[in-house]
Amino acid sequence: MSKQTYTVCFCFRRRFRVPAAQPPAGIKSIFDKYAVNDHMSADRLQRFLVEVQKEEKATVEGAEAIIMNNSSLMFHRKGFNVDAFFRYLLASSVPVLSPHSIHQDMTAPLSHYFIFTGHNSYLTGNQLSSDCSDVPIIQALEKGVRVIELDIWPNSTNDDVLVLHGMTLTSPVELSKCFMSIKTHAFVASDYPVVITLEDHLTTELQAKVAEMVHQIFGDKLFTPDKECLEEFPSPESLKKRFIISTKPPKEYLKAEKTKDKGNESHEKDSSTEAWGGEIPNAFDDKDDSDDTDSDDDDNDDLHSGDVAPEYRSLIAIHAGKGKGGLDDWLKVDADKVRRLSLSEHELEKAAKTHGPQIVRFTQRNILRVYPKGIRFDSSNYNPLVGWMHGAQMVAFNMQGYGRSLWLMQGMFRGNGGCGYVKKPDFLLTGGHEVFDPLVKLPVKMKLKITIFMGEGWYYDFKHTHFDAYSPPDFYVRIGIGGVPDDTIMKKSKTVEDSWSPAWDEEFEFELTVPELALLRIEVHENDISEKDDFGGQTCLPVREINKGIRPVPLYSQEGDKYPSVKLLMLFDTV
């Protein structure tokens, strides 16, 4: 036990004890249930593993090995006392997500997966004036992102190709440098394919130069289809360590300059800007975005005049395009070919209210990409669940931003071993005339029961005056669900005052109608009566992969980096 001293008003000092984390009441109660005379033997530990941890195959011999490996000299090696039991739970090697490796079927078409997708992957900061660089591309790939977006433009002398955000003050980076970084870092986090989406503003001559560059850099690792349009997308398994080019066929490339120019006349900050303290907008909020000007590579006027370099056209494996009709035409399903459709977040929200089942049907064979609306100049993001609940595979996010929406994105792709591809639930892949409708209220399918016992690690990972200059922190937990509208909810724990190892011992229950899409949201904050509450860590976890039982849950920073020590001890169960 140590002591910590805080100076108050320059002359007074407050001294607090900083004890090591102690077993909270809830853990003591569980220990007492399985212990005899304050001693948990191997056979009693085996019962605990089966009944609480849901490890049906646990044996007494395995329990004996756990005791031997987790008991110091001060503890009896024939069994656990309550302190040894508590330390074993805190240091459990069983991860909160199970299985921790890739476990889903990876042999279905690409359209059957949610894919970890970046937006304007080359930007280091905001959408208007930040630098363009290969560094954020590298960072995204190392975190498991599988879709990288590049905007490609001619240089001032029209003899080379640059990557930059057009009609803005962003400084460019060479396309060749971005391609080389993609090649080098593509498969650090995952062996599954990397899709490169190109927003092309090039002349025919520069298209040919890009085609030559792509073949030189990616070589036989580039996937090129045997014919112009695929009848069905290949599987992630068949494309391991391969690169895929996705863009609009050049002769059909659609001009976006007018809308981009209009959108850039005003540099007002998005009214829904999401810092860490802003809540995620609801999936189907009624709001007037009539002045919102979205822009992407799927607008309505021909960009290019003249011929298209055939070698450039042959690169394209995933063809993109809306066509010239309205939403009904965009969402038509062709039995002979598959394609990619791009919609802005605002376009999707509007379409979801009138064409929800039609969108789901479209995404069973085709790929839907969703991208941030044009006024998100600060690189903020939107609610990804609107796209996911309609089967959208590529929900494109600004990875250089941060906030609760990005935490949901990171949480979704912690699933399936973090490989960047998560198999869509069966109900989004099946059904003829009757397909899943996110607006239809469904009966409760699962009750998720959670107990938050305690937390620790802030004392080691933060400065001791980070949260409060005059006393230890006052932590509370926000916990809830991100999912379909009927499942979305947040709750709050009590505040534990003046403790670096707070013990809440609180139970929460969540009724889920679509658990397959549910993400458990956890945030820790420090109560500050005079200013904005301080951030103390967060995580998001896919509900369908959470291990039952008592598990240590590591927490992450606002940017999604794992803290070395900070964790919560929690109990998970379902009914």
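Start at 1 with the first residue, then count along the sequence.
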What's the separation between atom NZ in Lys424 and atom CG in Leu517, rounded to the nearest 0.5 Å?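 CG of Leu517 is found 10.5 Å from NZ of Lys424.
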CG of Leu519 to CD of Glu545, rounded to nearest 0.5 Å, is 10.5 Å
Take the angle between the ring planes of Tyr371 and His119 and call it parallel below 30°, perpendicular above 60°, tilted in between. parallel
Which residue, Phe85, Phe453, Phe86, forms the ring pair (Phe, Tyr, Trp, His ring centres under 6.0 Å) with Phe31?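 Only one of Phe85, Phe453, Phe86 forms a ring pair (Phe, Tyr, Trp, His ring centres under 6.0 Å) with Phe31, namely Phe85.
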Phe475 and ring pair (Phe, Tyr, Trp, His ring centres under 6.0 Å): which single residue from Phe535, Trp504, Phe467 fits? Phe467
When you measure from the centre of the six-membered ring of Phe510, is the NZ or CZ of Lys491 closer than 6.0 Å and no more than 45° off the axis?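 Output yes; distance and angle both within limits.
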Would you say Asn381 and Ser405 are linked by a side-chain donor-acceptor pair, where the criterion is simply a distance under 3.5 Å? no
For a quick check under 3.5 Å, do Glu149 and Ser121 share a side-chain donor-acceptor pair by atom type? no
Nearest heavy-atom pair of Gly401 and Leu406: which atoms, and what distance?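 Closest approach of Gly401 to Leu406: O-CD2, 3.1 Å.
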So, do [X] and [Y] have ring centers that fall under 6.0 Å from each other?
X: Phe397; Y: Tyr382; answer: yes
X: Tyr88; Y: Phe80; answer: yes
X: Trp500; Y: His464; answer: yes

Is the closest side-chain heavy-atom distance between Thr59 and Leu49 below 4.5 Å? no
Note: Glu511-Lys445 ion pair, threshold 4.0 Å (strictly below): no
